[in-house]
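Below is one structure; the comments refer to it alone.
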Amino acid sequence: MTTPTPSATAGLFIAFEGGDGAGKSTQAALLSDALAARGLAVVTTREPGGTPVGEKLRSLVLDHGHGEIDARCEALIFAAARAAHAAQVIAPALERGDVVITDRYIDSSIAYQGTGRGLGAETVGDLNAWATEDLWPDLTVLLDVSAAQGRVRRTAGAVTEEDRLESEPDEFHAGIRAAFLDLAAASPQRYLVLGAREPVDALAQRILERVDALLAARQEAPRDEAPLP
Ligand code: TYD
């Protein structure tokens with residue numbers, strides 16, 4: 001697999017990753033609000049989705065009732081949605097100098113399709129590097145959640161049925177967790193790993209501190225030389 005290299009653009013690209021029920025959406029929204037309150041231009045988006053075609057692909061791949069979707073087909077649908085998202089939303093925003101915050105990105109495919117479905121991390125990583133023209137985040141915030149905690153959190157008070165991936169058994173989700181942790185361990189400078197059980201406010205504070213460090217480094221050094229904290 002090509003070595004992931006953060007985007008060489010004016011903007012800042014942040015991805016939130018983690019198992020189902022980790023609280024990514026909450027933390028992505030809190031970070032977005034905190035940065036926007038300072039007057040920064042922030043684009044908050046999610047995968048699968050983020051574009052009209054991506055939202056259609058989202059329901060195709062997540063909803064029950066479309067018949068059998070085999071692993072390669074599933075991986076290609078996620079990658080197709082991501083290709084549109086990267087080209088139409090993320091890359092233009094980064095070129096403008098915006099902060100882009102996405103709820104899930106390539107690591108989700110590496111974990112769910114590469115490991116969970118057994119297609120291989122490298123194969124799925126390469127597919128998605130191609131789909132996004134090698135557009136990788138500057139920082140990935142991994143909210144680490146065990147399979148059991150994740151199940152409790154996503155089913156507590158749930159009003160909607162679990163989607164095709166969420167409804168997989170705990171062993172599947174345990175593999176996903178390990179895959180995310182492996183990705184973070186391989187490139188610690190590009191990841192912030194936090195336990196999803198920490199209080200919401202404490203998590204938000206730690207995420208903001210890390211993002212502030214990245215923004216400060218960016219102001220001090222030209223983009224190409226910006227050190228990663
Ligand atoms: P998500 O939108 O985070 O779920 P929700 O908001 O309903 O909690 O993600 C939907 C599901 O899609 C989730 O189970 C993870 C899965 N997924 C993949 O399997 N591969 C991918 O590339 C992505 C982006 C998501």
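Counting starts at 1 for both ligands and their atoms, following the listed order.
Counting only heavy atoms of the protein, atom 22 (O) of ligand 1 lies nearest to S109 OG, 2.6 Å. Here the heavy atom of the protein found nearest to atom 13 (C) of ligand 1 is D20 OD1, 3.1 Å. Scanning the protein for heavy atoms near atom 19 (O) of ligand 1, the closest one is Q113 NE2, 2.9 Å. Atom 24 (C) of ligand 1 has its closest protein heavy atom at R82 NH2, 3.4 Å. With hydrogens left out, the protein atom closest to atom 3 (O) of ligand 1 is R104 NE, 2.6 Å, a heavy atom.
Close approach of ligand 1 to K24 (heavy-atom distance below 4.0 Å) involves ligand atoms 3 (O). With ligand atoms numbered from 1 in the order given, ligand 1 contributes 10 (C), 11 (C), 14 (O) to contacts under 4.0 Å with heavy atoms of D163. Shown in contact with L165 at under 4.0 Å from a heavy atom are these atoms of ligand 1, numbered in order with element: 14 (O), 16 (C), 19 (O).
In this structure, a donor-acceptor pair under 3.5 Å is present between the side chains of S109 and R82.
Side-chain atoms of E166 come within 3.5 Å of backbone atoms of D163 as a donor-acceptor pair (strictly under, hydrogens ignored). Judged by distance alone, the side chain of R206 and the main-chain N or O of L194 form no donor-acceptor pair under 3.5 Å. Using modelled atom types, no side-chain atom of E168 and backbone atom of H173 make a donor-acceptor pair closer than 3.5 Å.
Residues E17 and S108 are in side-chain contact: their nearest non-hydrogen atoms beyond the backbone lie under 4.5 Å apart. The shortest distance between side-chain heavy atoms of L12 and V211 falls below 4.5 Å.
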| said: Please determine whether salt bridge (Lys or Arg N to Asp or Glu O under 4.0 Å) holds for the pair R72 and D70, giving the CA-CA distance in whole Å, both sets of side-chain angles, and the decisive distance to 0.1 Å. | reply: CA-CA 6 Å; R72 285 165 195 252; D70 68 43; over 6 Å; no
| message | F180 vs D144, test: side chain to side chain contact (heavy atoms under 4.5 Å, CB included). Steps then yes/no. | response | CA-CA 8 Å; F180 278 130; D144 179 43; over 6 Å; no
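Between R164 and ligand 1 there is no heavy-atom distance shorter than 4.0 Å. Heavy atoms of R46 stay at 4.0 angstrom or farther from ligand 1.
When heavy-atom distances to ligand 1 are checked against a 4.0 Å cut-off, I106 has no atom that comes that close, whether in backbone or side chain. Within the 4.0 Å heavy-atom criterion, neither part of R154 lies near ligand 1. When heavy-atom distances to ligand 1 are checked against a 4.0 Å cut-off, L62 comes that close only through its side chain, counted from C-beta outward.
When the heavy-atom distances from atom 6 (O) of ligand 1 to E74, R58, E166 are ranked, the shortest goes to R58. If you check each of Y112, F78, F16 against atom 25 (C) of ligand 1, the one with the closest non-hydrogen atom is F78.
The shortest N or O to N or O distance between Y105 and ligand 1 is not under 3.5 Å.
Between F16 and Y105, the gap from one ring centroid to the other reaches at least 6.0 Å.
For R58 and E47, the salt-bridge test fails: no basic side-chain N is under 4.0 Å from an acidic carboxylate O.
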